[in-house]
Amino acid sequence: MEELLKYLQLQSKAVPIAGGDINQAYRVTDGEKDYFLKCHPQMSADFFQAEVDGLAELKKAVRVPATYQHGSFEDIAFLLMEWIEPGEGDQKDLARELSKLHKIKGRKFGYKKNNFMGLLPQINLKSDDWWDFYFTNRLEVQIKIAHGRNHWTAQREKDYLLFKDHVYQKWGTMSFEPTLLHGDFWSGNTFFDGQGQPVFVDPAVSYGHREMDIAMSQLFGGFRQEFIDSYQAILPMQSGWQERLAIYQLYYLLVHLNIFGESYGDSVDRVLALGGK
Ligand code: ADP
């Protein structure tokens with residue numbers, strides 16, 4: 001770490017920042033200006049390239065930290081960004097900003113490159129069909145990883161097939177537009193700057209159904225009802241959105257099952273059980 005700071009011409013006092021669960025993050029300074037430094041010892045330089053690219057996409061519509069330098073140094077991947085002093089803000093403004101992202105339309109579902117969801121690969125092969133994209137690029141990629149990590153039982157596979165049938169039967173004929181997604185929209189990945197402007201960080205972008213971001217926002221808390229109400233007022237979701245949230249939360253739950261283990265198994269099973277209804 002000392003060596004990395006020297007390499008980046010920063011002073012040696014690095015203040016660790018809590019909140020992220022994937023990377024090591026620090027507030028650092030060069031004596032004049034503060035920066036936000038993220039490091040990951042076991043990842044290659046392209047890990048933060050994906051984050052830099054994702055932030056550049058979001059920047060078309062919302063406030064993100066500027067990115068200054070990224071790469072790897074002695075096997076540590078790093079990303080040096082603008083330090084944004086956190087402040088207080090309004091959930092209505094957050095909803096308005098998210099809706100700006102969701103007004104950016106794509107021609108297909110997917111993205112020009114694969115990227116990462118946490119530390120796991122996120123595959124973005126383009127597709128014209130939302131449900132095909134969601135099942136093959138999202139759920140089944142994570143299920144394959146779950147297999148490899150011994151989290152996928154024969155029972156889960158059986159329940160998953162019923163779940164998939166159920167989704168196609170219920171929602172298969174409904175069409176959705178591809179829009180730019182933050183992709184990992186939990187409360188730790190957004191905050192307000194000192195002027196109350198919402199800031200978006202740590203994205204896993206792709207073009208998808210915008211209810212994915214709403215589903216993630218509702219999975220672990222941290223957003224007030226006012227957020228959803230304002231979002232609905234600005235950019236109303238199609239009928240049935242409340243019912244579809246659990247379908248989309250399954251992706252994030254599978255990612256958590258793969259990263260953190262069986263403590264997320266019951267939540268995964270509860271969503272899979274929708275197929276039996
Ligand atoms: P991780 O990839 O480990 O999840 P994050 O990028 O989410 O790390 O950052 C961790 C925390 O640091 C966030 O929850 C956020 O509150 C804060 N943070 C992120 N980016 C900045 C920044 N540019 N300036 C100040 N604080 C930030």
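Along the sequence shown, the residues carry numbers beginning at 1. All values below were derived from every heavy atom in this structure, side-chain atoms included, with hydrogens, water molecules and symmetry-related copies excluded. Each ligand, and each atom within it, is numbered from 1 in the order the structure gives.
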Which of the atoms of ligand 1 are close to [X], meaning less than 4.0 Å from one of its heavy atoms?
X	answer
I17	12 (O)
D202	1 (P), 2 (O), 4 (O), 5 (P), 6 (O), 7 (O), 8 (O)
W83	24 (N), 25 (C), 26 (N)

Within this structure, what is the [atom1]-[atom2] distance for the pair [X] and [Y], rounded to the nearest 0.5 Å?
X	Y	atom1	atom2	result
K164	L250	NZ	CG	12.0 Å
Q249	I214	CD	CD1	11.0 Å
L125	N137	CG	CG	5.0 Å

Nitrogen or oxygen of E82 less than 3.5 angstrom from that of ligand 1: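 Min N/O separation from ligand 1 is below 3.5 Å for E82.
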
Per atom 24 (N) of ligand 1, closest listed option by heavy atom (I84, L80, V201, D34):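 It is I84 that holds the nearest heavy atom.
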
Criterion ring pair (Phe, Tyr, Trp, His ring centres under 6.0 Å) against F109, the qualifying member of W131, F176, W130, Y134: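 Output: one option passes, namely W130.
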
Contacts of D202 that satisfy salt bridge (charged side-chain N to carboxylate O under 4.0 Å, His left out) - sequence neighbours left out: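 Residues passing salt bridge (charged side-chain N to carboxylate O under 4.0 Å, His left out) with D202: K38.
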
Backbone, side chain, both or neither: what part of [X] comes under 4.0 angstrom of ligand 1, heavy atoms only?
X	result
K38	side chain
P65	side chain
N189	side chain

Results of ring pair (Phe, Tyr, Trp, His ring centres under 6.0 Å) for F135 - residues two or more places apart only: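 For F135, the residues satisfying ring pair (Phe, Tyr, Trp, His ring centres under 6.0 Å) (neighbours in sequence not counted) are Y168.
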
Salt-bridge criterion met for R149 and E262 (N-O under 4.0 Å):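 Looking at E262 together with R149, the answer is no, because their closest N to O distance does not fall below 4.0 Å.
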
Min heavy-atom dist A25 to ligand 1 below 4.0 Å: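 Not so, A25 does not reach ligand 1.
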
